[in-house]
Participant: 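Input: one structure, supplied below.
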Amino acid sequence: MRRYWNTKGGLQSIEEWAPNCWVQVTCPDQDDVMFLQDNLKIPDYFLSDIADADERARYEYEDGWGLIILRVPFMKDVPSRTPYTTVPLGIVINKDICITICYNDIAMMNDFVQYQRRRGLGFTDAVDMIFRLFLSSSVWYLKLLKQIKTLIDRSKRDLDKNIDNKELVALSRLQDSLTYFLTSIRGNETLLAKLKFRLPVDELDAELIEDVNIEINQAKEMTSIYANILDSTLDTYASIINNNMSKVMKMLTSISIILMFPTLIASYFGMNLRNGMESFSWGFPIVILLSLVVTAAFVWWFRRNKWI
């Protein structure tokens with residue numbers, strides 16, 4: 001799906017492509033790919049690079065075409081191994097061409113369009129739009145990090161009541177998401193530092209870059225903090241599980257030792273040998289009483305030493 005936006009004097013939707021408009025391509029189908037390659041003459045390897053879900057944040061310039069790949073946050077709609085991840089957003093620029101391409105329908109882009117329309121100013125040029133996309137992605141990292149923190153707190157409350165594998169797996173998945181976030185944010189930070197010297201930056205762009213740097217640093221710090229909290233949380237619950245397992249094994253071992261003594265006494269007197277109690281009428285009650293006394297003595301000893 002593709003949409004065309006006039007960026008001068010406010011963001012307005014137009015019916016077809018015009019020079020210096022913004023072409024927004026989302027989840028491109030074959031018709032979109034043909035339009036980009038045949039009508040706008042975009043290099044085909046640009047599209048293949050953007051389609052690669054693992055493509056790193058980078059800048060490439062060749063034959064008048066500039067390709068910027070920005071890693072943006074993405075929240076999956078269906079349960080998966082990583083509920084929060086990052087995907088590449090491609091920005092292709094030329095003299096009078098400005099295109100954004102993403103192979104996922106990300107909420108960030110919809111929010112970006114709505115915010116710019118409410119703002120009512122549009123973009124001064126393609127460079128202005130690029131840095132505003134950087135700013136929007138950083139803000140969305142912060143938004144999703146708040147959601148992740150809420151999920152971590154909820155799982156911790158549930159685990160305090162009952163340690164369940166489901167909650168531990170959920171925390172592990174959030175840990176994976178934070179790893180993706182931190183790697184992508186660092187990549188975007190490096191890319192931003194490079195673009196400051198590769199793109200024609202004016203005074204207004206320089207101020208915008210400062211805002212982007214502040215948001216990126218905040219997102220990076222928050223991601224690192226939440227990742228450390230999550231690591232310590234998982235380590236703590238792992239220690240609790242090991243401690244509970246040790247208590248259970250200690251209890252079972254103590255019970256086994258206690259039961260060993262009446263079994264040993266019964267074995268001695270149950271042998272087919274003369275022991276002096278074969279014809280004694282009180283022999284069996286004496287053996288039972290002896291077993292109970294020995295068992296009670298060891299139970300008292302174990303309790304005194306807090307082994308059970």
Side-chain angles (χ1 to χ4, degrees), residues 1-3 5 22-33 36 42-60 66-93 98-116 126 129-149 151 172-192 194-195 212 215-216 218-220 222-224 226-227:
M1 181 184 71
R2 61 182 182 270
R3 301 182 68 181
W5 301 97
W22 168 30
V23 183
Q24 181 189 4
V25 183
T26 305
C27 301
D29 55 19
Q30 188 62 33
D31 180 64
D32 296 326
V33 173
L36 295 174
I42 294 178
D44 55 354
Y45 62 90
F46 277 15
L47 298 178
S48 60
D49 290 346
I50 299 171
D52 184 2
D54 298 323
E55 188 68 28
R56 59 184 176 83
R58 61 184 178 87
Y59 171 72
E60 181 177 347
L67 171 64
I68 300 170
I69 295 182
L70 178 67
R71 299 293 304 190
V72 297
F74 177 58
M75 181 176 61
K76 297 181 180 179
D77 297 329
V78 296
S80 65
R81 182 73 178 87
T82 50
Y84 298 89
T85 185
T86 63
V87 295
L89 171 66
I91 307 171
V92 182
I93 55 176
C98 180
I99 308 168
T100 59
I101 306 170
C102 187
Y103 282 79
N104 299 90
D105 187 9
I106 53 178
M108 188 205 86
M109 290 303 294
N110 297 327
D111 178 73
F112 178 75
V113 170
Q114 293 175 7
Y115 174 76
Q116 297 302 328
M129 191 191 78
I130 290 170
F131 290 126
R132 291 195 180 278
L133 282 171
F134 268 89
L135 181 61
S136 180
S137 68
S138 302
V139 171
W140 267 88
Y141 274 115
L142 294 173
K143 286 183 180 181
L144 296 187
L145 283 170
K146 291 180 180 179
Q147 295 183 15
I148 291 176
K149 183 179 183 299
L151 293 176
S172 176
R173 291 178 177 177
L174 292 177
Q175 191 176 39
D176 294 341
S177 297
L178 290 175
T179 301
Y180 286 123
F181 273 25
L182 187 58
T183 303
S184 297
I185 291 172
R186 288 173 176 170
N188 290 347
E189 185 179 32
T190 304
L191 175 63
L192 179 65
K194 183 183 294 185
L195 291 178
V212 175
E215 297 296 332
I216 284 182
Q218 184 178 356
K220 183 172 65 173
M222 288 181 62
T223 305
S224 298
Y226 294 159

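Keep in mind that what you see is a predicted model, and the values were worked out from it rather than measured.
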Participant: Is there a side-chain contact between C98 and I93 in this structure, where contact means two heavy atoms from C-beta onward sitting under 4.5 Å apart?
Facilitator: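 They are in contact (side-chain heavy atoms under 4.5 Å apart), so the answer is yes.
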
Participant: How long is the straight-line distance from CG of L133 back to CG of L70, given to the nearest 0.5 Å?
Facilitator: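 CG of L133 is found 7.0 Å from CG of L70.
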
Participant: Taking atom NZ of K143 as the centre, report whether more than 12 heavy atoms of other residues, nucleotides or ligands fall under 6.0 Å from it.
Facilitator: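 Yes - once you tally the heavy atoms of other residues, nucleotides and ligands closer than 6.0 Å, there are more than 12.
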
Participant: Which residue pairs pass the side-chain hydrogen bond (donor to acceptor under 3.5 Å, both in side chains) test when at least one of the two sits in residues 179-188, sequence neighbours left out?
Facilitator: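 Those involving residues 179-188 are T86-S184.
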
Participant: Could you walk me through whether Y103 and V87 pass side chain to side chain contact (heavy atoms under 4.5 Å, CB included), step by step?
Facilitator: CA-CA 8 Å; Y103 282 79; V87 295; over 6 Å; no

Participant: Measure the CD-OG distance between Q116 and S136 for me, rounded to the nearest 0.5 Å.
Facilitator: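 The distance works out to 8.0 Å.
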
Participant: For L178 and L145, run side chain to side chain contact (heavy atoms under 4.5 Å, CB included): C-alpha distance rounded to whole Å, both residues' side-chain angles, the deciding distance at 0.1 Å, then the answer.
Facilitator: CA-CA 8 Å; L178 290 175; L145 283 170; 3.7 Å; yes

Participant: Is the closest side-chain heavy-atom distance between R56 and L191 below 4.5 Å?
Facilitator: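 They are not in side-chain contact.
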
Participant: Please list all pairs passing the salt bridge (Lys or Arg N to Asp or Glu O under 4.0 Å) test where one or both residues lie in residues 132-142, with sequence neighbours left out.
Facilitator: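 Those involving residues 132-142 are D128-R132.
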
Participant: For F74 and I106, which heavy atoms make the closest approach, and how far apart are they?
Facilitator: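 Taking every non-hydrogen atom into account, CD1-CG2, 3.4 Å.
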
Participant: Is any side-chain heavy atom of R3 closer than 4.5 Å to a side-chain heavy atom of T26?
Facilitator: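 No - every pair of side-chain heavy atoms lies 4.5 Å or more apart.
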
Participant: Given the rule in the side chain to side chain contact (heavy atoms under 4.5 Å, CB included) test, do D111 and V139 qualify, once you have shown the distances and angles that lead to the verdict?
Facilitator: CA-CA 11 Å; D111 178 73; V139 171; over 6 Å; no

Participant: Shortest non-hydrogen contact from I185 to K220?
Facilitator: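 Result for this residue pair: CG2-CB, 3.8 Å.
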
Participant: Taking the side chain from D49 and the backbone from F46, do they hold a donor-acceptor pair closer than 3.5 Å?
Facilitator: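 Checking the backbone N and O of F46 against the side chain of D49, no donor-acceptor pair under 3.5 Å is found.
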
Participant: Below 4.5 Å, heavy atoms only, C-beta onward: do R2 and P28 meet side chain to side chain?
Facilitator: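 No; the side chains remain at least 4.5 Å from each other.
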
Participant: Can you name the closest pair of heavy atoms from C27 and D105 and give their distance?
Facilitator: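 Nearest heavy atoms, C27 then D105: SG-N, 3.6 Å.
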
Participant: Which pair of heavy atoms, one from V33 and one from L47, lies closest together, and at what distance?
Facilitator: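 Reported closest heavy-atom pair: CG1-CD1, 3.9 Å.
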
Participant: Write down the atom of P88, the atom of I50, and the distance for their closest heavy-atom approach.
Facilitator: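 Scanning both residues, the minimum pair turns out to be CG-O, 3.4 Å.
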
Participant: If you round to the nearest 0.5 Å, how far is CE of M109 from OG1 of T100?
Facilitator: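 Answer rounded to 0.5 Å: 4.0 Å.
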
Participant: Does a side-chain heavy-atom distance below 4.5 Å link T82 with K76?
Facilitator: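 Yes; the side chains approach each other to less than 4.5 Å.
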
Participant: Drop me the distance from I216's CD1 to L192's CG, to the nearest 0.5 angstrom.
Facilitator: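 These two atoms lie 5.0 Å from each other.
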
Participant: So M1 and V25, do their side chains get closer than 4.5 Å, heavy atoms only?
Facilitator: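 Not in contact.
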
Participant: Checking L151 now: which residues fulfil side-chain contact (heavy atoms from CB on, under 4.5 Å) with it, not counting sequence neighbours?
Facilitator: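 In terms of side-chain contact (heavy atoms from CB on, under 4.5 Å), with neighbours along the sequence ignored, L151 is linked to Y84, R154, L174.
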
Participant: For R71 versus A53, what's the shortest heavy-atom pair and its separation?
Facilitator: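 That would be NH1-O, 2.8 Å.
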
Participant: At what distance, to the nearest 0.5 angstrom, does CG of L89 lie from CZ of F134?
Facilitator: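 Going from the CG atom of L89 to the CZ atom of F134 covers 9.5 Å.
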
Participant: Hey, what do you get for CG (L142) to OG (S138), rounding to the nearest 0.5 Å?
Facilitator: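 Rounded to the nearest 0.5 Å, the CG-OG separation comes to 7.0 Å.
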
Participant: Do side-chain atoms of S48 reach the backbone of Y45 as a donor and acceptor pair under 3.5 angstrom?
Facilitator: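 Looks like yes, one N/O pair under 3.5 Å.
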
